[in-house]
Amino acid sequence: MRCWYILALVCALMPPAFAQERFTALVIVEGLRWQQVERGEIGGLYVLAHYGAVGLMSVGAAGDAQRFALTVQTGKRWAPPIARDAEHLRERFARLRWLTEDAARSGVRVQVNTIPPDRSLSRLLEPSRQPRTAEQVLQVWWLRGDAATLSRALEQAISPLTPERDRLLVVGLPARGESLTPVIAAGGGLSEGVLTSSTTRTEGVVSDVDIAPTLLQWLNTPLRAGEHPMRVVRKDPFSTTQNLARRYRWNAQALIPLGAIQVLGGLLAVLAVVQQTKSVPTRRACLLLSAAVGLLLSLPAGTIIAPYLPAPGMVWYMSNVLIAAAGLSLLAHWGVWEQPFRAYIRACALSVFIILADALSGQYGAKFSIYSAYALSGIRFYGVGNELMGVLVGCALAWGLYGLSFQLRAILWVIVSVVLAAPIWGANLGGLLTSAAGLGCAWESKRAQSRLLWIRCVRWLAVGLLAAIAVMWLDSLSAFPSHVGEAWLRWRHEGWEAIGDLFASKALLMARVLLSPFAWGVLLAIAIALWRMRRGGVFTAFRDSAGNDYLPWLGCIVAAFVFNDSGFVPAAAILGVGAGVRLTQRLRPLCAQEAHRENRRR
């Protein structure tokens, strides 16, 4: 009997020694694609995808294991080049939160397993010290190999877990050239459904920066401002993720063909219009050119409409985009078949209406647009992106200048600026600055003399800067700030180092865009088009009265390029809209002359 008393006393004095540890497991699978889960190539993942919480994860360090390991550790995307020594990185970025370090300080034992063994990855993931006693265990498994090897390793990682108590997070590291990978969460307290987060605000899509906050929340560690854990939305997990993966696959496959149609079609339209200006075009040629220019302008709006339409395949999906754009062009020409300029301004108005309506209703079309495909780029996940922002500002400028009265013009431009600035709608401060500079210049162009117009444009830019700061501060006070407010919070917590890091990432993004072969092709097409328009008399010299006509467009283009990451994209979009205005203005008297001749013949 005395032995039982002694045993009871020992258990009371040392509960940690006999307490059952709670496990949280993170499994990272290199090269994992949704098709492997969908086809059941890795059996354990197929089962989890049907009965757990599933989604797609946007990964910025595709194909780079060490950069992805740092993202897992810090909840931050790292741009190369970076130092590879873990201790050096921890000392240099001491203000950043390191997942395994914080977990160890909170009394969590961290175990890192790499299959096959990889010491460099283990050093990046292991904490500098372990707690003496722990009631929780964080297991990090890093797996690479063929399907059979991954199945065996996954079984080894899952076998110690108790489904009712422990939790599991499985993420993939996509191969270089890809950006989406499956993510699966299962275990105690997690319901069946699809994953989302405040980072993406899109059901079924999360970001790699959400991994660390999710694990920290599971380990009962307080989160900092700007850290967004994944959460579960009750939907059918497998079919929802299957549809998302198919939609994003179509977007990735259709981007280059559609971009080529837009760029080459625009160049051919310029050459055709310049050729027609050398003689009086026929009525049919006027109509075809006007409809083609309207279709090219309406393509971005067509990519917003297409996600709302059913499509069994990628070809059908592309057809929806082209049919929607053609329908908008025909609608713009309805009743004004022989007035290309008026039809073009109507097409601008329709594009503005579609982009604003989609932004105000949750940006479903923009999130899954071929031109946006936010999860594929990972630059942003909601709001009005730079691609559509350039079209919106350019079309609003054209519609306001040539299609609206003074009062209605002011109302439209204010609405565009507010929608772009509002975190729940546009969340695009670069767009706010672009509209302030460009639309402000356009507003003043009818009031100021040429020598004073530049000064007034600078004043409007200053107003835009003050408004942007005010939006950042107000958004930071909300319960769920957007990336706009989080930039302010990062500055408050990390100081000017955060701002420098933000500008450095934007500069690297701009360099990446400008150095791509597609960008050089676009620049070449723009240069040829502008040269031919200048030689053909479509563009006049930038002087005297022409200066006031061009300055609003120039202000928008420069502001879009300077104040936006990948600013080349919105600047090119605004330039394209402005070129369409000049082309249809040039066609207007020629088509009217030919129409008058035909009427006289009758």
Side-chain angles (χ1 to χ4, degrees), residues 345 348-349 352 355-356 359 383-386 388-423 425-475 484 487-488 503 506 542-565 567-578 581:
I345 299 305
C348 285
V352 169
I355 295 174
L356 290 180
V384 179
N386 291 336
L388 298 175
M389 180 272 290
V391 177
L392 176 61
V393 172
C395 286
L397 181 58
W399 186 20
L401 284 177
Y402 307 110
L404 295 177
S405 63
F406 193 75
Q407 292 81 6
L408 292 178
R409 181 190 309 162
I411 293 172
L412 171 66
W413 290 349
V414 168
I415 291 174
V416 168
S417 300
V418 170
V419 170
L420 286 174
W425 295 326
N428 194 324
L429 293 188
L432 171 62
L433 295 173
T434 302
S435 61
L439 302 182
C441 279
W443 179 265
E444 297 290 350
S445 64
K446 304 299 182 182
R447 302 173 52 194
Q449 297 179 359
S450 179
R451 61 187 179 85
L452 298 176
L453 187 55
W454 286 99
I455 299 175
R456 293 175 182 265
C457 290
V458 172
R459 289 176 182 173
W460 275 105
L461 178 58
V463 171
L465 286 170
L466 292 175
I469 294 172
V471 169
M472 293 173 66
W473 174 67
L474 290 173
D475 189 34
V484 173
W488 183 276
F503 279 109
K506 290 182 179 294
F542 189 86
R543 63 174 183 270
D544 301 332
S545 61
N548 279 7
D549 292 335
Y550 292 154
L551 191 57
W553 296 95
L554 184 61
C556 282
I557 292 169
V558 173
F561 186 83
V562 172
F563 294 111
N564 295 275
D565 46 19
F568 160 75
V569 176
I574 296 170
L575 177 61
V577 175
V581 168

Give me the atom names and distance for the closest heavy-atom approach of [X] to [Y].
X	Y	answer
M472	V484	CG-CG1, 3.7 Å
A396	V352	N-CG2, 3.5 Å
A442	W413	CB-CH2, 3.5 Å
I355	V391	CD1-CG1, 4.1 Å
G400	R409	O-NE, 2.8 Å
A398	V577	CB-CG1, 4.4 Å

Gap separating the [atom1] atom of [X] from the [atom2] atom of [Y], nearest 0.5 angstrom:
X	Y	atom1	atom2	result
L439	L401	CG	CG	8.5 Å
W399	L408	CH2	CG	8.5 Å
L388	L356	CG	CG	11.0 Å
L575	C556	CG	SG	11.5 Å
W553	C441	CH2	SG	13.0 Å

Name all residues meeting the side chain to side chain contact (heavy atoms under 4.5 Å, CB included) criterion together with [X]; count only those two or more places apart in sequence or in a different chain, and write none if there are none.
X	value
A571	I557, A560, F561
L466	none
I469	W488
L474	none

Pair up each side-chain donor or acceptor in residues 429-438 with any protein partner under 3.5 Å, not counting sequence neighbours, and list the distances.
unit_1: T434; atom_1: OG1; unit_2: G430; atom_2: O; d: 2.8
unit_1: T434; atom_1: OG1; unit_2: N564; atom_2: ND2; d: 3.4
unit_1: S435; atom_1: OG; unit_2: S417; atom_2: OG; d: 3.2
unit_1: S435; atom_1: OG; unit_2: G431; atom_2: O; d: 3.1
unit_1: S435; atom_1: OG; unit_2: L432; atom_2: O; d: 2.9

Side chain N428, main chain V384, donor-acceptor under 3.5 Å: yes

Residues in side-chain hydrogen bond (donor to acceptor under 3.5 Å, both in side chains) contact with W425, at least two apart in sequence or another chain: none

